[in-house]
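To keep things clear, I will list the structure first and then write my remarks on it.
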Amino acid sequence: MLSGLTVVEQGGFVAVPYCARLLADLGARVIKIEPPEGDIARRHGPYPPGKAGLESSGLFAFLNAGKESVVVDPRDTGSRSFLACAARRADVWISDRPRRALLDIGADEETLRTLNPRLVYCVLSTFGRTGPYADRSGGSLHAAALSGVAWAIGAPGRPPLSLPLAQTDFQAGVHAAAAILAALLSRRRSGVGQFIDIAMADILAAYAGIGATLFINYGLPWRREGRRAAGSMGPYPCGIFPCKDGLVVLIARTPRDWDQFLKAVGSPAWGDNPRYRDQIAMGHDYPDEVDALVIGELARYTQTELFAMARKWEFPCAPVRQVGDALDDAHFAARGFFVDVDLPGIGCVKLPRLPFRYSAIPQRAFASPPSLGQHTVAVREELGASQ
Amino acid sequence: MSMSQAPEAHSKPLSGVRVLDLGWVWAGPMAAAFLADLGAEVIKIEHSERLDNSRLRGAPIVDGKKLRIPGKSIELVPLFHNLNRHKLSVRLNIRDERGADLFRQLAAKSDVVLENFTPGTLAALGLDYMALAREHGELIMISLSTAGQFGPIADLRGYAPVISAYCGLEALIGYENEAPNGMMNFGLNDSSSGVHALFALLVALWHREQTGQGQYIDLSQMEVGAAPLAEAMLDFQFSGQAPQPAGNGHRRHCPHGIFPCAGDDSWVAISIEDDGQWPALCMAIGKGDWAHRADLAGQAGRMSARGEIEARLAEWTAGRSRESVLAELVPLGVPATPVLSVEEQFDDAHYAARGVRQAVSHPIMGEELLYRLPWRMIATDLTLSASSPELGAHDAYVYGQILGLDAQSIERLREEKVIY
């Protein structure tokens with residue numbers, strides 16, 4: 001486990017807190033530095049009905065379980081010396097503050113790494129610390145826009161869509177956590193820490209770029225096609241289609257997957273027509289015609305029936321479910337993926353665990369998130385920092 | 001760590017770590033590629049009769065013509081190159097008992113085994129973690145199957161969109177007040193599973209350095225998809241309402257969206273993320289009076305007038321080219337970027353400066369551009385040193401040097417389709 005490591009987290013909302021939460025769950029001690037008004041996630045919600053407040057944000061609770069909260073007001077004269085004391089003690093420093101802000105408070109990477117050469121200092125940002133966009137403002141919306149991710153999501157002629165609910169920030173968080181572990185492994189040999197620069201835009205550019213190699217290298221466009229990927233993705237059908245009681249995703253791109261789908265729906269006569277054997281032409285030349293036939297078959301079954309058929313006949317298909325369905329799902333329940341936690345200020349909720357489990361590292365029980373500044377006095381005293 | 005490589009190679013975080021990569025398709029190979037980027041010796045185990053399907057996508061079009069190199073089509077796939085950069089490749093039929101035995105011998109000389117088969121596949125061959133670890137307690141093994149190693153749908157197979165549909169992500173993507181659109185055309189969950197697996201393995205390697213203890217990791221790609229949906233899950237639990245697609249809207253920020261520009265399919269992303277950015281945007285779009293309105297000074301106030309604000313902004317952007325919108329807004333500190341196609345991303349100066357892609361020499365393709373691990377580390381060289389290996393290119397090294405088989409034995413195993 002990561003016990004014995006001390007991590008200082010100087011960032012808010014999702015990316016930095018998710019990074020540190022991964023480390024905390026595996027045993028690291030995380031000291032979370034908050035401004036007097038608190039982490040943005042405290043004001044983001046969601047909140048239990050009628051309970052909006054700094055101590056009742058569900059997202060904050062999820063991301064900050066088991067951390068210690070220390071309030072540091074950057075305008076205080078003592079803030080610099082506290083940050084210096086913390087940096088001397090820490091193994092890892094994670095920040096999402098702009099470089100100018102870090103220089104203003106003496107917490108930039110050069111200063112802190114001079115104080116503590118073993119420190120692994122990781123900065124997460126939208127565009128990174130180098131390149132023409134360095135130090136520009138923007139968030140996950142802009143990372144999705146600049147990377148090519150948004151371009152290919154949505155309907156033709158309508159606005160491109162970015163990824164919802166800070167999905168990009170979560171990606172930055174796990175990348176940073178992995179990079180930090182890599183740097184710590186290096187430190188065992190070299191004895192020194194280093195500086196890591198993680199950018200959301202870079203991560204999405206790599207994801208989209210690798211995904212696009214499936215299409216554009218074959219002369220297929222990477223573009224928005226609504227709920228389906230017809231001409232843009234080669235073999236068809238590939239998309240989200242209506243069934244009797246909702247939507248399902250169906251990706252029958254290989255001849256075998258397509259055959260298995262046709263068998264599962266009772267081998268309709270049209271399936272033997274050569275016109276519906278050429279899966280490239282089906283997507284490129286007459287996807288509407290194929291959609292009508294596929295939807296005609298799907299309309300006879302519910303999501304649940306189709307999912308059972310997909311498993312029995314082995315073709316890639318699943319219901320497009322709401323997140324609430326996952327909370328009630330027998331599979332997740334059998335794996336103990338959601339845990340019931342009773343949080344002060346929030347009440348009983350189900351929250352997801354880490355998406356992987358170790359045979360030799362116990363996962364920590366879900367701890368309460370800290371209240372704002374709960375550990376300010378204790379940590380200052382421990383570090384010998386003046387008030 | 002084992003000392004399997006020459007001392008001069010000990011400059012990267014995972015130098016000296018040997019990985020057996022049984023991964024195929026996307027998530028598994030991607031995780032193993034990350035390990036290779038960090039200096040591990042990654043041996044991809046392949047079988048000629050059951051190739052990784054990303055070798056089977058066919059040759060790309062180069063200079064307007066389909067690349068044709070007889071007998072080499074499995075070596076020409078750009079997806080494969082990106083997901084299998086600087087690995088070694090050996091051929092091995094692990095379904096043959098002698099092949100399984102060779103695999104056991106290799107595992108005994110390795111640090112990590114990675115696989116993303118359907119659960120039970122390796123146990124049926126006597127190659128599961130329990131079997132491999134009996135003789136080698138320091139071994140770390142990770143399985144990253146679709147839904148994890150146990151549970152009612154543990155046998156599920158499927159691509160990333162099957163997972164993102166099942167866990168609820170697809171239903172959250174779409175235009176406001178409309179049915180879901182989804183995003184099923186790029187494998188977010190594959191990449192996310194790859195990097196979560198990387199993190200899980202690095203922690204296990206750290207743990208082993210502290211304790212000498214290896215272990216098994218059961219990663220569920222389904223859980224990788226579900227964990228980052230915690231906000232929506234909490235929303236559902238608090239309100240009883242399933243969260244619906246919100247377009248490009250944000251819970252706190254307004255304006256926040258993608259707006260049309262003059263020209264064909266031309267768009268910009270614009271947001272106001274703090275109150276200080278707001279007056280400048282008002283002036284730029286000819287609504288200077290908004291900057292003085294107390295009711296619009298904070299995010300909550302702007303949120304309540306969102307329809308009016310975003311309609312005016314869209315009207316303003318629609319009359320200008322993308323470049324002129326950016327030229328006006330960026331100097332004012334308003335968060336604004338173009339919406340790039342992937343082709344534009346390839347040519348973008350920012351990404352070029354960041355080196356997100358890098359030229360690598362491929363034995364057949366020549367120079368090609370591959371994506372790197374998207375991090376910048378000042379003391380760790382993440383430069384790609386090679387593209388993907390040709391099938392079986394390292395048979396002689398792995399069976400000869402690592403396992404110590406003589407040339408005759410290797411040849412016989414080839415003829416008998418064990419090394420095949």
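Chain identifiers are assigned alphabetically (A, B, ...) following the order of the sequence lines, protein sequences preceding nucleic acid strands; residue numbering begins at 1 within each chain.
Closest of all the heavy-atom pairs between B:F199 and A:A178 is CD1-N, 3.8 Å. Across all non-hydrogen atoms, the minimal contact from B:V339 to A:A150 is CG1-CB, 4.4 Å. The two residues B:W206 and A:L181 come nearest to each other via the heavy atoms CB-CD1, 3.9 Å. Of all heavy-atom pairs spanning B:D235 and A:P46, the tightest one is OD1-CB, 3.4 Å.
Heavy-atom pairs under 4.5 Å with chain A were tallied for B:L219, B:N248, B:V224, B:I270; the largest tally goes to B:N248. Between chain B and the residues A:V349, A:I198, A:I203, the most heavy-atom pairs under 4.5 angstrom are made by A:V349. When each of A:A318, A:A206, A:P352 is scored by its heavy-atom pairs under 4.5 Å with chain B, the top score falls to A:A206. Contact count versus chain B (heavy atoms, under 4.5 Å) is highest, among A:A326, A:A176, A:S162, for A:S162. Between chain B and the residues A:P159, A:S186, A:G148, the most heavy-atom pairs under 4.5 angstrom are made by A:P159. Ranked by non-hydrogen atom pairs under 4.5 Å with chain B, the options A:K51, A:Q322, A:H142, A:R227 are led by A:H142.
Of the two parts of A:L146, the backbone and the side chain both hold a non-hydrogen atom closer than 4.5 Å to a non-hydrogen atom of chain B. Both the backbone and the side chain of A:A360 come within contact range of chain B, judged by heavy atoms closer than 4.5 Å. When heavy atoms are compared at a cutoff of 4.5 Å, B:M30 approaches chain A solely by way of its side chain, counted from C-beta outward. At a 4.5 Å heavy-atom cutoff, the contact between A:F170 and chain B is made by side-chain atoms alone. Contact of A:I180 with chain B is not made at all, since no heavy-atom distance falls under 4.5 Å. Proximity to chain B is limited to the side chain of A:L247, based on heavy atoms less than 4.5 angstrom apart. Looking at A:A199, the atoms closer than 4.5 Å to chain B (heavy atoms on both sides) sit in the backbone and in the side chain alike. Contact annotation for A:R357: both backbone and side-chain heavy atoms come within less than 4.5 Å of a heavy atom of chain B. Contact of A:L26 with chain B is made through the side chain alone, with heavy-atom distances under 4.5 Å. Using a 4.5 Å cut-off between heavy atoms, A:A144 makes no contact with chain B at all. Both the backbone and the side chain of A:R335 have a heavy atom closer than 4.5 Å to some heavy atom of chain B. Using a 4.5 Å cut-off between heavy atoms, A:I216 contacts chain B through its side chain alone, with no backbone atom that close. Interface residue A:A183: backbone and side-chain heavy atoms are both found under 4.5 Å from chain B. Contacts between A:Q303 and chain B at a heavy-atom distance below 4.5 Å are absent for every atom of the residue. Within the 4.5 angstrom heavy-atom criterion, atoms from both the backbone and the side chain of A:A155 approach chain B.
You'll find the side chain of A:F337 stays beyond 4.5 Å of the side chain of B:S220, heavy atoms only. In this structure the side chain of A:L214 reaches within 4.5 angstrom of the side chain of B:W26, judged on heavy atoms. Side chains of A:C238 and B:Y159 form no contact here, defined as non-hydrogen atoms less than 4.5 Å apart. Using a 4.5 Å heavy-atom threshold, the side chains of A:I251 and B:P161 count as touching. A:N217 places none of its side-chain heavy atoms less than 4.5 Å from the side chain of B:I61. Looking at A:E109 and B:I378, their side chains never come closer than 4.5 Å, going by heavy atoms from C-beta outward.
Taking the six-membered ring where the residue is Trp, B:H250 and A:H44 present perpendicular rings, their angle passing 60° and hence far from 30°. The aromatic rings of A:H175 and B:F34 sit perpendicular to each other, their planes meeting at more than 60°, with 30° as the lower class boundary.
Atom OG1 of residue A:T213 and atom CG of residue B:L370 lie 9.5 Å apart, to the nearest 0.5 angstrom. If you take CD on B:Q210 and CG on A:L2, they are separated by 8.5 Å, rounding to the nearest 0.5 Å. For the atom pair A:L354 CG and B:E223 CD, the distance stands at 9.5 Å (nearest 0.5 Å). Rounding to the nearest 0.5 Å places OH of B:Y351 at 5.0 Å from OG of A:S147.
Checking A:Q194 against B:T380 by side-chain atom types alone, a donor-acceptor pair falls below 3.5 Å. There is no side-chain donor-acceptor pair under 3.5 Å between A:Y207 and B:D190. Using modelled atom types, one finds a donor on one side chain and an acceptor on the other under 3.5 Å when comparing A:Q171 with B:S192.
Seen from the ring of A:Y133, B:R354 does not count as a face-on cation partner, given the 6.0 Å and 45° thresholds.
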In sequence, state the C-alpha distance, the side-chain angles, and the governing distance for B:L234 and A:L351, and then conclude on side-chain contact (heavy atoms from CB on, under 4.5 Å). CA-CA 8 Å; B:L234 285 159; A:L351 287 171; 3.7 Å; yes
Please assess B:Y166 against A:D325 for the test side-chain contact (heavy atoms from CB on, under 4.5 Å), listing each intermediate value before the final yes or no. CA-CA 9 Å; B:Y166 192 85; A:D325 299 333; over 6 Å; no
Going through the checks in order, is the side-chain contact (heavy atoms from CB on, under 4.5 Å) test met by B:V342 and A:F215? CA-CA 11 Å; B:V342 172; A:F215 320 114; over 6 Å; no
Apply the test side-chain contact (heavy atoms from CB on, under 4.5 Å) to residues B:Y175 and A:L161: give CA-CA distance (whole Å), side-chain angles for both, the deciding distance (0.1 Å), then the verdict. CA-CA 8 Å; B:Y175 298 98; A:L161 293 170; 3.7 Å; yes
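Of the candidates B:I140, B:I142, B:V203, A:Y358 forms a side-chain contact (heavy atoms from CB on, under 4.5 Å) with just one, namely B:V203. With respect to B:D265, the salt bridge (charged side-chain N to carboxylate O under 4.0 Å, His left out) criterion is satisfied by exactly one of A:R224, A:R223, A:R158: A:R224.
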